Amino acid sequence: MAVTRRDIVQDAAARDRYIRGVLKLKNEFTGPTTASLGIPGPSRKISTWDLFAVWHHVAMMTMTPPTQNSRNAAHRGPVFFPWHRFMLFQLELNFQRVLPDSTFGLPYWDWAKDGDLPPGQQVTAPIWGAAALGGTGSPVVTGPFVFDPADSKSFRVRIVANVNGQLVQVNRGLRRALGAGVSGLPRKNETSDAVTRKPYDAPPWGVTSDSFRNRAEGWQAPGAPALHNRVHVWVGGDMSPSTSPNDPVFYLNHCNEDRMWERWLTDHGRSYVPAASAPAALAGHRINDAMASLVSAPMRPADVLDMTSVFTYDSLAV
Amino acid sequence: MSSAPDDLNAPTPESIAAYAKRHAVNVRKILTTMHDHPPRETIREVEYHGHHILIGTTYRIEVDGRRVGGEFVVTDNGEVQCHALPNYTFASAVDLVKSMVDIFPEDFADGGHRGHGRSEGDGQRARRAAKNRRAPSSRSTKRAGARRAPKGGRHGGH
């Protein structure tokens with residue numbers, strides 16, 4: 001039976017299960033080490049939570065094709081939505097395993113609802129409360145993800161990308177700089193407009209495409225960084241580099257993006273471009289190309305176009 | 001959804017470990033080779049009044065005399081982006097580097113003498129060469145300098 005993904009601000013039970021699952025996955029070590037994955041520094045075990053951050057970083061550093069330096073295996077191209085749906089799906093399964101709760105569905109954060117608040121109120125919206133995701137700071141000092149050096153089970157950041165885009169080991173608290181990088185969150189009129197855009201994606205299949213994917217990813221002017229990108233920039237701190245899945249709010253952002261895609265698929269049909277016959281320069285983004293995973297078997301965009309038997313959303317009103 | 005391996009739909013600690021192990025070689029290759037090449041040139045090409053225009057751009061960015069590595073991209077509308085800040089876009093490379101300083105404080109600590117992986121830049125080399133020319137014991141200083149890696153190590157070379 002399909003699980004239901006709910007608004008984290010509206011459903012305290014979903015919120016609490018999410019927080020509990022984050023802390024469990026953060027403290028689960030299945031065997032991989034920094035040495036085995038070639039991350040410099042002393043060899044340390046990597047948690048399941050951190051493996052997802054490494055997976056995201058690796059995808060981001062995989063240029064598609066390798067002759068250019070913009071479009072990568074998960075972003076700046078058509079595979080943006082399928083790749084992140086695949087990642088969310090794998091994370092959701094792991095939450096279900098460790099909680100254990102087969103009915104668990106990842107919650108989403110309807111950030112555009114907060115974006116309609118005055119900027120001063122956005123940083124104190126309920127999602128940043130001590131009972132929810134905690135607040136801002138370097139490190140964050142409220143909420144369930146506060147770093148306590150004396151408590152080995154407390155939330156901590158262990159692997160980050162540095163200014164050169166290289167992975168390095170750290171042992172510190174989570175960082176956020178809410179509202180510092182950009183003045184406000186995306187607004188409802190932007191999300192409702194984005195889901196009306198057609199086609200799904202278009203040449204040049206990148207950050208200048210006039211398409212639903214590019215608008216929702218947040219490259220398309222006006223207002224760039226917009227939508228998904230703007231949320232990353234607005235949260236700031238550990239949401240800034242390619243290891244942004246370190247911050248639990250990463251998945252809430254992407255679950256909301258996935259909700260937008262589900263709305264688009266519902267309204268416009270479960271279609272995807274580019275086709276399997278598209279040129280090799282689009283390898284990694286075509287409908288039958290494999291999306292690699294660090295924690296599971298691969299999937300293809302074709303596999304994730306209809307996942308209504310796996311999960312649904314409590315609302316597709318964006 | 002199409003049919004798939006069972007562990008795709010029901011991961012276990014063992015399956016996660018096995019997949020991480022299976023992909024380790026490729027991950028190590030990606031993490032190391034991404035820094036084994038010089039900065040890629042961004043190529044912009046447009047047709048205009050029957051003419052083919054090509055603009056190639058690379059950046060040399062130094063902070064406190066040390067080169068900042070990584071990849072920098074110019075979009076068709078002239079905005080500047082980089083891999084280190086994958087969700088950001090800037091009208092100016094100066095603003096981009098200011099954001100880097102804000103977001104990666106450890107990499108710019110001690111006035112550029114402790115950064116992760118930043119190599120000595122042309123500006124710093126030029127200043128060191130000028131200083132050596134002025135110093136009476138320049139010969140020994142130069143030899144030591146030639147052998148010594150910059151503080152903070154050299155990781156990128158790109």
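So that the names make sense, note that chain A is the first sequence line, chain B the second, and so on, each numbered from 1. Model, not experiment: these values are computed from the prediction.
- Proximity to chain B (any heavy atom under 4.5 Å) is restricted, for A:Thr208, to the side chain, taken from C-beta onward.
- Contacts between A:Pro32 and chain B at a heavy-atom distance below 4.5 Å involve the side chain alone, from C-beta outward.
- Looking at A:Leu51, the atoms closer than 4.5 Å to chain B (heavy atoms on both sides) all sit in the side chain, from C-beta outward.
- No donor-acceptor distance shorter than 3.5 angstrom exists from the side chain of B:Asp107 to the backbone of A:Asn162, with no hydrogens or angles considered.
- Counting heavy atoms from C-beta on, the side chains of A:Glu28 and B:Pro13 come closer than 4.5 Å.
- At a 4.5 Å heavy-atom cutoff, B:Phe90 makes no contact with chain A through either its backbone or its side chain.
- Contact annotation for A:Met61: both backbone and side-chain heavy atoms come within less than 4.5 Å of a heavy atom of chain B.
- Contacts with chain B were tallied for A:Pro225, A:Gly38, A:Ser36, A:Gly31; A:Ser36 has the most, counting heavy-atom pairs under 4.5 Å.
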Taking it one step at a time, do B:Leu8 and A:Phe86 satisfy side chain to side chain contact (heavy atoms under 4.5 Å, CB included)? CA-CA 10 Å; B:Leu8 186 65; A:Phe86 177 30; 4.0 Å; yes
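- Of the listed residues B:Ala18, B:Ala24, B:Ser15, the one with more heavy-atom pairs under 4.5 angstrom with chain A than any other is B:Ala24.
- Atom CG of A:Asn229 sits about 11.5 Å away from atom CG of B:Leu85, to the nearest 0.5 Å.
- Side chain of A:Arg97 to main chain of B:Ala10: no donor-acceptor pair is present (N/O by atom type, distance under 3.5 Å, no hydrogens or angles).
- For a residue to count as touching a neighbouring chain, one of its non-hydrogen atoms must lie under 4.5 Å from one of that chain's; by this rule A:Ala161 touches chain B with the backbone only.
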Show, in sequence, the C-alpha distance, side-chain angles and deciding distance for B:Arg40 and A:Gln68, and conclude whether the side chain to side chain contact (heavy atoms under 4.5 Å, CB included) test is met. CA-CA 7 Å; B:Arg40 277 174 281 221; A:Gln68 51 83 61; over 6 Å; no
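- Atoms CG and CG, from A:Leu37 and B:Leu31 in turn, are 7.5 Å apart once rounded to the nearest 0.5 Å.
- With A:Asn69 contributing its side chain and B:Phe72 its backbone, the two residues share a donor-acceptor pair below 3.5 Å.
- Only the backbone of A:Ala35 comes within less than 4.5 Å of a heavy atom of chain B; no side-chain atom from C-beta onward does.
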Check against side chain to side chain contact (heavy atoms under 4.5 Å, CB included), B:Tyr88 and A:His232: CA-CA 9 Å; B:Tyr88 290 63; A:His232 276 272; 5.7 Å; no
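- The minimum heavy-atom distance between A:Gly237 and B:Ile103, with the atom names listed, is O-CG2, 4.4 Å.
- Checked by atom type and distance alone, the side chain of B:His23 pairs as donor or acceptor with a backbone atom of A:Ser293 at under 3.5 Å.
- Looking only at heavy-atom pairs under 4.5 Å with chain A, the residue among B:Ala17, B:Pro105, B:Cys82, B:Pro86 that has the most is B:Pro86.
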Could you walk me through whether B:Asn87 and A:His228 satisfy the side chain to side chain contact (heavy atoms under 4.5 Å, CB included) test, starting with their C-alpha distance in whole Å, then the side-chain angles of each, then the deciding distance to 0.1 Å, before giving a yes or no? CA-CA 8 Å; B:Asn87 307 109; A:His228 151 267; 3.3 Å; yes
